[in-house]
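The structure that follows is given in the form of structure tokens.
Order of the sequence lines sets the chain letters (A, B, ...), proteins ahead of strands, with each chain counted from 1. Just so it is clear, the values below take in all heavy atoms, side chains as well, and ignore hydrogens, waters and symmetry mates.
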Amino acid sequence: MATTSSTGAGAPPRVRFAPSPSGYLHIGGARTALFNWLWARSQGGTFVLRIEDTDEERSSLDSVRAILDSLRWLGLDWDEGPEVGGEFGPYFQSERKERYREAAESLIAAGKAYRCYCTKEELDAQREALKAKNPKAQFVYPGTCRDRTDQPDLEHVVRFKAPTAGATTFHDLVFGAITTPNEQQQDFVIVRRNGLPLYNLAAVVDDHDMRITLVARGRDHIGNTPQQVLLYEAFGWELPAFAHLPMMLSPQGEKLSKRHAAVSVSEYRDRGYTPEGVLNYLVRFGWSYGDQEIFSRQELIEKFSWDRVNKSDGKFDAAKFADVAFEHLKRPELTDDERYLDEVVPFLAQAGIEDPPRDRLRQALPLIRERARDLADAAHHLDFYFREPPRMDEKAVKKFLVPDAAPHLEALADAYAALGEWDANSLQGCLEGYLQQKELPMKAVAQPVRVALSGRTASPGLFEVMAVLGRDLTLTRLRRGAALARGAGSAA
RNA sequence: GGCCCCAUCGUCUAGUGGUUAGGACAUCGGCCUCUCACGCCGGUAACACGAGUUCGAAUCUCGUUGGGGUCACCA
């Protein structure tokens with residue numbers, strides 16, 4: 001029996017992420033990629049990206065592009081793979097057909113695999129017949145061609161000659177020893193009728209050829225690991241280590257799909273989560289580091305280890321995800337000012353605000369950090385600083401820009417026109433002076449002023465807002481607000 | 001159904017024989033206050049069940065129940 005190599009302590013590990021390009025990058029896939037990437041980065045190892053496109057029907061170049069884009073956006077850079085090449089390429093399975101054919105032939109020559117001439121139709125018929133007799137029975141390939149001595153040059157698949165007795169055991173870094181009785185195995189197909197390899201063959205050949213030392217993937221692959229182990233043994237190759245990750249299920253506990261939540265990485269990018277926010281949520285799913293919830297990319301690399309990975313499946317929680325994303329946007333040490341601004345600009349553009357002055361943007365940023373839960377939300381909070389006139393919320397205008405408010409707005413505009421300094425403190429002092437003189441509480445004028453300045457009933461503190469807007473816009477808006485309050489019709 | 005795996009608040013989790021079972025999200029109160037948000041204080045809320053082992057089990061063993069995965073010429 002082949003032996004399982006250790007976690008690779010010593011030699012730098014070589015790990016891989018091997019998506020099949022049949023759609024966008026799923027967050028579950030992103031998590032698998034992340035765990036592999038973290039392991040490689042923390043150990044000075046190599047992260048290989050391999051495209052498993054042996055199923056010509058389902059694979060597409062668009063999907064490859066989408067997956068590569070998402071990985072790049074997440075910052076999960078690969079050392080070998082598409083577009084970067086590497087010593088053990090090619091990294092598209094569709095370009096390695098000859099190698100798989102040769103590997104399968106060697107197994108046939110060694111008597112460990114055989115040509116099977118049974119057609120799909122024949123097998124389906126047998127399956128039907130069995131079902132008719134016993135609806136509960138599970139059809140297994142009866143071994144019709146297993147002991148054929150001739151191998152006519154007719155269309156065929158290649159089947160692996162699986163052992164019928166004993167058991168296959170492999171050691172998993174997360175789950176420990178997993179043993180499966182060999183009676184459970186049937187003579188599974190390794191090469192299709194069209195000559196293309198099936199997953200188990202291609203994955204084993206590639207993982208071996210690419211010198212992969214640790215195979216980390218979703219728990220849904222645990223079931224075919226024994227088949228792969230059998231293949232390694234048949235080839236006489238050393239086993240890599242295995243690590244299976246617990247599943248990410250829907251909030252209802254089913255397999256996570258679009259029906260339950262946004263599952264594509266690109267959806268979170270479009271929504272304005274930062275890549276680190278996404279990675280942070282994903283990594284905490286199945287992995288923990290004491291009570292710590294928030295991690296920078298660097299911390300993740302420093303702290304990740306397999307012994308802190310959980311065994312139990314979990315349910316996706318959009319609210320928690322949103323909160324983690326928010327933390328990353330809120331903390332300057334996680335998303336610094338300049339980067340925040342760079343990232344929010346496209347979202348502003350989407351709202352029709354092109355080329356907002358960088359200075360004002362920078363001034364407004366501290367006011368929205370605590371408020372914006374994602375970049376789309378940030379653009380919303382930033383909107384009125386850059387739109388002139390601002391969008392006036394109809395209900396807000398109706399409720400607060402009433403005739404009584406007009407004289408206050410007018411008087412404040414005059415007072416501010418004469419104010420020397422233009423900073424939050426001076427602005428506050430000025431307004432408080434006015435209130436004192438009129439013997440009014442702050443509440444009497446706050447909302448009308450806010451609506452005049454921002455068009456909304458909710459905003460950051462008035463004086464901070466005015467400081468960002470500057471004197472000209474502040475005066476313009478206060479006076480426009482006064483006009484609206486008087487019921488003077490057109491505000492402009 | 002066979003095989004494999006899992007089991008702490010609603011959710012993500014800490015915990016590795018002795019804790020008032022901790023944190024975070026969500027939720028519910030309160031404080032702060034020019035609105036919103038942030039922040040702060042506090043509340044509700046969990047060891048699936050049953051047998052063992054032990055002076056003592058969330059922690060170890062077995063069983064039950066529940067959940068998930070997998071049984072393709074998909075990956």
Query - C1' spacing across the pair B:C36 / B:A21, given as an integer number of angstrom - result: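 It works out to 37 Å between them.
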Report summary line: Rounded to whole Å, the CG-C1' distance (A:Asp172 to B:C6) equals 13 Å
Requested in this report: Give a yes or no on whether a donor-acceptor pair under 3.5 Å exists between the nucleobase atoms of B:G23, that is its base, and the side chain of A:Glu293.
Outcome: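 Looking at the base of B:G23, it does pair with a donor or acceptor on the side chain of A:Glu293 (distance under 3.5 Å).
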Query raised in the report: Is the distance from OP1 or OP2 of B:U16 to the nearest side-chain N or O of A:Arg308 less than 4.0 Å?
Result: no
Report task. Could you let me know what B:U59 is paired to, Watson-Crick or G-U wobble, both distances under 3.5 Å, or none if it's on its own? Result ->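 Paired with B:U59, as far as the under-3.5 Å criterion goes, is no nucleotide at all.
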Query raised in the report: In terms of the nearest nucleotide of RNA chain B, which residue is placed more toward the 5' end: A:Tyr289 or A:Lys330?
Result: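 Between the two, 5'-proximity favours A:Tyr289.
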**Report entry** Pairing partner of B:G2 (Watson-Crick or G-U wobble, both distances under 3.5 Å)
**Finding:** B:U70
Query raised in the report: Looking across every strand, which nucleic acid part, if any, lies under 4.0 Å from A:Ser459 by heavy atom: base, sugar-phosphate, or nothing?
Result: base
Query raised in the report: When you check the gap from the basic side-chain N to the acidic O, do A:Glu56 and A:Lys97 get nearer than 4.0 Å?
Result: yes
Report task. Could you let me know what B:A75 is paired to, Watson-Crick or G-U wobble, both distances under 3.5 Å, or none if it's on its own? Result -> none
Query raised in the report: Starting at the 5' end of RNA chain B and moving along, which residue's nearest nucleotide shows up first, A:Ala372 or A:Phe175?
Result: A:Phe175
Query raised in the report: Would you call A:Glu327 and A:Arg331 a salt bridge, using N to O less than 4.0 angstrom?
Result: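 Salt bridge flag = yes for A:Arg331 with A:Glu327.
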Query raised in the report: Using the C1' atom in both, what is the distance from B:U61 to B:U54, to the nearest Å?
Result: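 After rounding to an integer number of Å, I get 12 Å for this pair.
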Report task. Could you check A:Arg259, A:His260, A:Lys315 and say which one makes a side chain to side chain donor-acceptor pair (under 3.5 Å) with A:Gln252? Result -> A:His260
Report task. Take atom P in B:A58 and the same atom in B:A51, then report the distance between them in whole Å. Result ->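 Between the two P atoms, the distance is 14 Å.
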**Report entry** Length of the line joining A:Asp393:CG and B:U35:P, which is rounded to integer Å
**Finding:**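 One finds 18 Å between P of B:U35 and CG of A:Asp393, rounded.
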Report task. Hunt down the Watson-Crick or G-U wobble partner of B:A14, both distances under 3.5 Å, from any strand shown, or write none. Result -> none
Report summary line: Result for ring-ring contact (aromatic ring centres under 6.0 Å, His included) between A:Phe304 and one of A:Phe35, A:Trp37, A:Tyr289 points to A:Phe35
Query raised in the report: How long is the line joining CZ of A:Arg371 and C1' of B:G39, in whole Å?
Result: 12 Å
Requested in this report: Write down the distance between CZ (A:Arg373) and P (B:C25), rounded to a whole number of angstrom.
Outcome: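 Rounded to whole Å, this separation is 10 Å.
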**Report entry** Side-chain ion pair, A:Arg371 and A:Asp377, N-O less than 4.0 Å
**Finding:**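 A:Asp377 and A:Arg371: not salt-bridged.
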Report summary line: Reading nucleotides 64-75 of chain B from 5' to 3' and marking B where a protein heavy atom lies under 4.0 Å of the base, S where only the sugar-phosphate is that close, and - otherwise, the string is ----BSSSBBBB
Query - Residue matched to B:A48 through Watson-Crick or wobble contacts both under 3.5 angstrom - result: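 Base partner found: B:U64.
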Report task. Would you name the heavy atoms of A:Ala104 and A:Val191 that are closest together and state the gap between them? Result ->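 What the structure gives for the nearest pair is CB-CG2, 3.6 Å.
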Report task. Rounded to the nearest angstrom, tell me the gap between atom NZ in A:Lys131 and atom P in B:G1. Result -> 16 Å
Query - Base partner of B:C36, which must satisfy Watson-Crick or wobble distances under 3.5 Å - result: none
Requested in this report: May I ask you to check if A:Arg271 and A:Tyr273 form a cation-pi contact, with NZ or CZ under 6.0 angstrom from the six-membered ring centre and within 45° of the axis?
Outcome: yes
Report task. Using the P atoms only, state how far B:G50 lies from B:A57, rounded to an integer number of Å. Result -> 14 Å
Query - A:Arg159 charged N/C atom sitting above A:Tyr141 aromatic ring, 6.0 Å / 45° - result: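 Because its charged atom sits under 6.0 Å from the ring centre and within 45° of the axis, A:Arg159 does stack over A:Tyr141.
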**Report entry** Any donor-acceptor N/O pair under 3.5 Å between B:A24 base and A:Lys320 side chain
**Finding:** yes
Query - N or O in side chain of A:Lys315 less than 4.0 angstrom from B:U11 OP1/OP2 - result: yes
Report summary line: Scanning both residues in full, the closest heavy-atom pair of A:Ala396 with A:Thr457 reads CB-CG2, 3.6 Å
Query raised in the report: How far, in whole Å, is B:G63 from B:U53 if one measures between their C1' atoms?
Result: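 Nearest-Å result for B:U53 against B:G63 at atom C1': 15 Å.
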Query - Sugar-phosphate, base or nothing in reach of A:Thr457, heavy atoms under 4.0 Å - result: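 The answer is base, as A:Thr457 lies within the cut-off (heavy atoms under 4.0 Å) of a base atom.
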Query raised in the report: How close or far is atom P of B:C6 from atom NE2 of A:His244, stated in whole angstroms?
Result: 13 Å
**Report entry** Partner nucleotide of B:G42 by Watson-Crick or wobble geometry (both distances under 3.5 Å)
**Finding:** B:C28
Considering only nitrogen or oxygen atoms on both sides, find all protein atoms under 3.5 Å from nucleotides 31-34 of chain B and state each distance.
unit_1	atom_1	unit_2	atom_2	d
B:C34	O2'	A:Arg450	NH2	3.4
B:C34	O2	A:Arg450	NH2	2.4
B:C34	N3	A:Leu462	N	3.4

Query raised in the report: In whole Å, what separates the P atom of B:G15 from that of B:G23?
Result: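 Straight-line distance between the two P atoms is 15 Å.
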Query raised in the report: Is the charged tip of A:Lys330 near the ring of A:Phe326: under 6.0 Å from the six-membered ring centre and within 45° of its axis?
Result: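 The answer is yes; both the distance and angle limits are met.
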Requested in this report: Would you mind reading off the distance between A:Gln292 atom CD and B:U13 atom C1', rounded to a whole angstrom?
Outcome: 13 Å
Query raised in the report: Ion pair present between A:Glu52 and A:Arg50, side-chain N to carboxylate O less than 4.0 angstrom?
Result: yes
